[in-house]
Amino acid sequence: MADKVLIIGNSVQESAADIRNEKSPNDWAIYGYVPKTNELKVESTGGGGLDAFREDLNDGKILFCYLRFPISDTFKYLYVSWCGGGVEGMRKGLFANHAREFEDWLRQPGRGFHVQINARSEDDLKSDIVLDKLNKALNSFLKTNTLKGENRGELKEKSANFWTQQKQTDQRYQADVSQHEKEKQQRLQDSKDLESQRLGKAAKETIGALEASKKQQADELKAKEEEKTKADNQRRQENAQKVLGDLQARPTVVTDAKASTPVTVTTAQTGKLSGIGAPFSNPDPTPAPRPHPPPR
């Protein structure tokens, strides 16, 4: 689509000639682009007047249309340049120039039209609006090749003024769309920032709650370990006291050197006699006499 000039193929020329044929059952034709080119092709054609024609319009396309109407025992022709509300991008930027080029092509001898309508929606093509424009058309518009030079000049001037205004309208519309898109993107970014802040705050709160829960669990575990240690210490002390009590109550046999039989005393009594763990001894410090050996 490097070449921006509108290309009108043979099929479009034949279709326009068919619309000019007053005996043809077809009274309207719609022309659109061959994909990825600036060449026009026949999108659809048929009879049934304005109502049938409107059913074939597409809100997402740029279309150029040629129609025939029977009015007052004669025929008048309508040129509709259609730029649907859903059209965007480079194609929309070429609309005004291509619409003017198709207009110039229709004004060549053998074709012609009486009324031109630039439409963006079907509301611009209501029957009362179209018929009112056709009924007001001047007789000098019946055929382009019958126009006088002075009228032709006026027509070109009107056409140039119209397309200048149309271009300005499209520029304003494009500026509004661009501004709306910027505002939309800004609102989207603001929404993302708010959501990011909300998620960050929620994450901090969650992390804080987890840390508090971990600390509480650690404190509870520490308290349980301290209680267990305390209970173990207490149990060991009780066991030690029990063992000591058993040892103190157990009887101990000691021998008195002067006594003929052993003496049984308790551990406590033994301690009083000679100290805990010490052997019982004779309190008399005089040693016993040693016996003399027998004579040889």
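This is a predicted model, so every value here is computed, not measured.
- Contact between Phe113 and Val115 at its shortest, heavy atoms only, is CD1-O, 3.5 Å.
- Taking both residues in full, the closest heavy atoms of Val80 and Ala119 are given as CG1-CB, 4.3 Å, listed atom of the first, atom of the second, then distance.
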So Asp124 and Ser121, side chain to side chain contact (heavy atoms under 4.5 Å, CB included) or not? Walk me through it. CA-CA 6 Å; Asp124 299 324; Ser121 69; 4.0 Å; yes
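- The shortest side-chain heavy-atom distance between Ile19 and Asn26 falls under the 4.5 Å cut-off.
- For Arg68 and Tyr77, the positive end is not near the middle of the six-membered ring at less than 6.0 Å and at most 45° from its axis.
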Anything under 3.5 Å between a donor and an acceptor, one on a side chain of residues 217-225, the other on a protein residue two or more places apart or in another chain? List them.
unit_1	atom_1	unit_2	atom_2	d
Asp219	OD2	Lys215	NZ	3.2
Glu220	OE2	Gln216	NE2	3.4

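- Heavy atoms only, all atoms of each residue included: Cys83 and Lys92 are closest at SG-CG, 4.3 Å.
- The backbone N or O of Arg20 sits nowhere less than 3.5 Å from a side-chain atom of Arg111 that would complete a donor-acceptor pair.
- Shortest non-hydrogen contact noted between Lys76 and Leu134 is NZ-O, 3.1 Å.
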Can I get a per-line list of side-chain donor-acceptor pairs under 3.5 Å for residues 44-60, giving both atom names and the distance, sequence neighbours left out?
unit_1	atom_1	unit_2	atom_2	d
Ser44	OG	Asp56	OD2	2.9
Thr45	OG1	Trp28	O	2.7
Asp51	OD1	Arg54	NH2	2.5
Arg54	NH1	Leu125	O	2.7
Asn58	OD1	Gly60	N	2.8
Asp59	OD1	Gly85	N	3.0
Asp59	OD2	Gly86	N	3.4

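- Put simply, the side chain of Ser15 does not reach to within 4.5 Å of the side chain of Val12, judged on heavy atoms.
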Does the side chain to side chain contact (heavy atoms under 4.5 Å, CB included) test come out yes or no for Val130 and Ile117, once each step is laid out? CA-CA 8 Å; Val130 174; Ile117 296 178; 4.0 Å; yes
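- With sequence neighbours left out, the side-chain hydrogen bond (donor to acceptor under 3.5 Å, both in side chains) criterion links Asp193 to Gln189.
- Partners of Glu205 according to the side chain to side chain contact (heavy atoms under 4.5 Å, CB included) rule, which considers only residues two or more places apart in sequence or in another chain, are Lys201.
- Closest heavy-atom contact between Phe102 and Ile8: CD1-CD1, 3.9 Å.
- Figure legend: cation-pi geometry between Arg120 and Trp82 absent, as NZ or CZ is not positioned both under 6.0 Å from the six-membered ring centre and within 45° of its axis.
- A search for ring pair (Phe, Tyr, Trp, His ring centres under 6.0 Å) contacts involving Tyr33 returns His98, not counting sequence neighbours.
- No more than 12 heavy atoms of other residues, nucleotides or ligands sit less than 6.0 Å from atom CD of Gln234.
- Taking the side chain as every heavy atom from C-beta outward, Leu194 and Arg198 never approach each other to under 4.5 Å.
- The shortest side-chain heavy-atom distance between Phe95 and Val87 does not fall under the 4.5 Å cut-off.
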Starting from the C-alpha separation in whole Å, work towards a yes-or-no answer on side chain to side chain contact (heavy atoms under 4.5 Å, CB included) for Ile129 and Lys133. CA-CA 6 Å; Ile129 295 175; Lys133 289 180 178 293; 4.0 Å; yes
Run the side-chain donor-acceptor check on residues 236-246: report pairs under 3.5 Å with partners two or more places apart or on a different chain.
unit_1	atom_1	unit_2	atom_2	d
Arg236	NH2	Asn233	OD1	2.2
Asn239	ND2	Arg235	O	3.3

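- Using a distance-only test at 3.5 Å, with no hydrogens or angles considered, no donor-acceptor pair links the side chain of Ser24 to the main chain of Asn21.
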Residues Leu6, Leu40; criterion side chain to side chain contact (heavy atoms under 4.5 Å, CB included); working and verdict: CA-CA 7 Å; Leu6 185 67; Leu40 289 185; 3.7 Å; yes
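- Side-chain atoms of Leu106 and Tyr66, non-hydrogen and from C-beta on, do get closer than 4.5 Å to each other.
- Two residues are said to be in side-chain contact when any heavy atoms from C-beta on lie closer than 4.5 Å; Asn38 and Leu94 meet this criterion.
- A heavy-atom distance below 4.5 Å is not found between the side chains of Leu78 and His114.
- Taking both residues in full, the closest heavy atoms of Lys41 and Ser11 are given as CA-OG, 4.3 Å, listed atom of the first, atom of the second, then distance.
- Residues Glu103 and Arg107 are in side-chain contact: their nearest non-hydrogen atoms beyond the backbone lie under 4.5 Å apart.
- At distances below 3.5 Å, at least one donor-acceptor pair connects side-chain atoms of Thr206 with backbone N or O atoms of Ala202.
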